Amino acid sequence: MHFLVCHRKLALVPVCFADSELTNSFMRTVLLFLTTALFLSTSGFARESSLLDTGWKFKQGEITGAAEPDFDDAGWSSLTVPHCWGWEEAQQGKDFYKGPGWYRRELIVMPKQGQRHFLRFEAASTVADVYLNGRRLGGHRGGFGAFSLEITSHLAADGKNQLAVRVSNKPEADIAPLSGDFSVYGGLYRPVHLLVTGEQNFSPTDHGSSGVAWLQTSVSAEQAVLDVTLQISDAAKKSRKLTLVAVVRDANGNQVASSEREISTAQGKTAPYELRVTVPDPHLWNGIKDPYLYQSVVELRTAGGDVVDTVTEPLGLRYYSVDPEKGFFLNGQPYHLHGVNKHQDRIDKGWALNETDLDEDVALLKEIGATVVRGAHYQHSDYFHSQCDRAGILVWAEIPLVNRVTDSPEFAQTSRDQLLDLIRQNINHPSIFTWGIFNEMDPGKADPFRILQDLRNTAHGEDPTRPVIAATNRGEWPALNKISDLLGWNIYPGWYGGQASDYGAVIDRRRTDGRSGGIAISEYGAGANVTQHEDHPRPPETRGQWHPEEYQSITHEAAWAAMKTRPYIWGTFVWCLTDFTAAGRNEGGTPGRNDKGLVTYDHKIRKDAFYFYKANWSSAPVLHITSRRFTERTQAVTDVKIYSNAAKAECLHNGVSLGPRDNDGNGVFIWKDVTLTPGENRIQARAERAGQRLSDECIWKLNP
């Protein structure tokens, strides 16, 4: 989320960009200013934000006295935020440091009458304690949600302040995840902001949210009824009468609906206020087909019309449902959800991603033709969700309750807080369609039923417009799988036992396990190392060092063939978009790597299976020769396999046509038992789709 810092009668308005090429900061600011101007309805705005990315000093370890203003940090490392630690060792398959680290920087803020100042941390993993001028202001437990702290009364009179933040990723008994097949790094790995408002504001301290929730109470083609809840904070010495205004503007800046009321603020308190806004004949947000966004604006105005505070956010109007027999419906029409799981891990960065990194992830989702993504296994960034809003990609968002819980009240409270962080910070994203409360829960020593039921009820109370979901891999506790409204199954036939041909039978057995029938396949797939290849591969040893790329493709072909013919499967989620680090693994020829991604860890190589799904999901023309990286061969007789969404394709070997083949209905074309000649063999593919001629080629070298 971007914020425009404006002065004198201009507003700070949050706006998110979809175009990754806008990398120049000056151009971003100019474009944001022009975009914002379309939506300003009056003058007198009083909100500013600045990014605290530079000037940080860092030291790993427990440092006595590091919070004190006069502490000598001259020997500490200088760095920028976002920053994290642990990835260096983890991506080599080694154990990594889990403990505290300290961040310090000077904060120049001159106190001013009538102004309030806040620090907003988009995330800190996993426990943060924030100090200003030696005094602890507060903290946060949980590594994935944002949090905000007010610093107004703690600012030094001369404007020179020392900010210190202690962050620790040491495992804590009250903080999920307690386990999981991914690495939990430490640090301030998302941006930090300084926010300035007037005495009355939409509270930024309500679980790190904007303080504004637009609930889509009733949406249809005829009208959208929106109930807006606003958390308004007043730090003035006496209460004040203000006008609360909510406005919806279309993409051209035209006002299409509004509502307002007079309020008296609660002196020294934060209190909720409500408005109802009705949008007639709404232009619906319709997924990747038409991700139309309005602009929502809420304002606090004085009697004279000056704006005391404002929050502007994109607004997508839509409705959806799940039919246990027919699948997912968006805006009353069938809309199949097919996509991937996604981690926020990236090679040589860990979790300290920038917007360009996230833009690249969204570009991959769009390229493959995904209609949905699951943010596994924790709350992902606001920027990522905003880009999914703009791309029309639906999102399954979840908390990090993975594998197990404890029965302590502290764990229950921290888990509830992580769910509140997730919902309140992301409730206005139209892309998010469900809240996830657990993944692969094993009752084990602590009974999870009570805490999971409490989380479900909390989610329903916070947001009655979205269902609650869970992902399971256990069938021995049927009641556990009926806690959530929707259910996803994590299944891996042909990888963790069984054969790839078992997909249909496994799915049919799980069809009615959920509360309301119908299921999603929330995880499925197989590992692949793009440097390992084998003709007609046998099922590899999962924990072994041999993960040929060809076997991953065969597994996905079988999985998709089974899933696409079962309409009660309302969503499918490949595990995973890209390879990622799992420090405890040593398999597939690469230590510390989960290699089930459709794209390599460095985001550079799309595996063959990526093109299989692109041929099935994307409307763009696709023609791809598989096993193209299998360049050095010893067996003369081989099959040639091509993925395409064309109706027919032709293959040529050393310029000689092997004849045309018809699409098998799953985008697969095979020429069996092609005999290679010693030396170089030129393999070519040709096809035509929608009047466009397609071609691809590669070279295989035979050394008998």
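Everything numeric here is computed off the predicted structure, so don't read it as measured data.
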Please work out whether the ring planes of [X] and [Y] are parallel, tilted or perpendicular, with thresholds of 30° and 60°.
X      : Y      : value
Phe573 : Trp570 : perpendicular
Phe147 : Phe121 : parallel
His83  : Trp85  : tilted

Salt-bridged, [X] to [Y], with N to O below 4.0 Å?
X      : Y      : result
Lys94  : Glu88  : no
Arg346 : Asp357 : yes
Glu523 : Arg374 : yes
Arg628 : Glu549 : no
Glu462 : Arg424 : yes

Solution key, residues 578-585 side-chain donor-acceptor pairs under 3.5 Å, sequence neighbours excluded:
unit_1 : atom_1 : unit_2 : atom_2 : d
Asp579 : OD1    : Gly597 : N      : 2.9
Asp579 : OD1    : Lys607 : NZ     : 2.9
Asp579 : OD2    : Lys607 : NZ     : 3.3
Thr581 : OG1    : Tyr601 : OH     : 2.8
Arg585 : NE     : Asp181 : OD1    : 3.2
Arg585 : NE     : Asp181 : OD2    : 2.9
Arg585 : NH1    : Glu587 : OE1    : 3.1
Arg585 : NH1    : Glu587 : OE2    : 2.7
Arg585 : NH2    : Asp181 : OD2    : 2.5
Arg585 : NH2    : Tyr496 : OH     : 3.1

Given Tyr335, Trp396, Phe328, Tyr319, the one that forms ring pair (Phe, Tyr, Trp, His ring centres under 6.0 Å) with Phe433: Phe328
Ring pair (Phe, Tyr, Trp, His ring centres under 6.0 Å) partner of His343, chosen from Trp351, Phe144, Trp575: Trp575
Side-chain donor-acceptor contact under 3.5 Å, Trp617 with Asn645: no
Over 12 non-hydrogen atoms of neighbours within 6.0 angstrom of NZ in Lys482: yes
Check: Ile432 and Leu394 side chains under 4.5 Å, non-hydrogen atoms: no
Ring-face cation of Lys326 near Phe329 (centre distance under 6.0 Å, axis angle within 45°):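 Here Lys326 fails the 6.0 Å and 45° test against Phe329.
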Lys641 to Phe612 six-membered ring, cation-pi geometry met (6.0 Å, 45°):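 Here Lys641 fails the 6.0 Å and 45° test against Phe612.
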Check whether the ring centres of [X] and [Y] lie less than 6.0 Å apart, and answer yes or no.
X      : Y      : answer
Tyr383 : His385 : no
His547 : Trp495 : yes
Tyr611 : Tyr643 : no
Tyr185 : Trp87  : no

Listed partners of Asp174 passing salt bridge (charged side-chain N to carboxylate O under 4.0 Å, His left out), at least two apart: Arg141
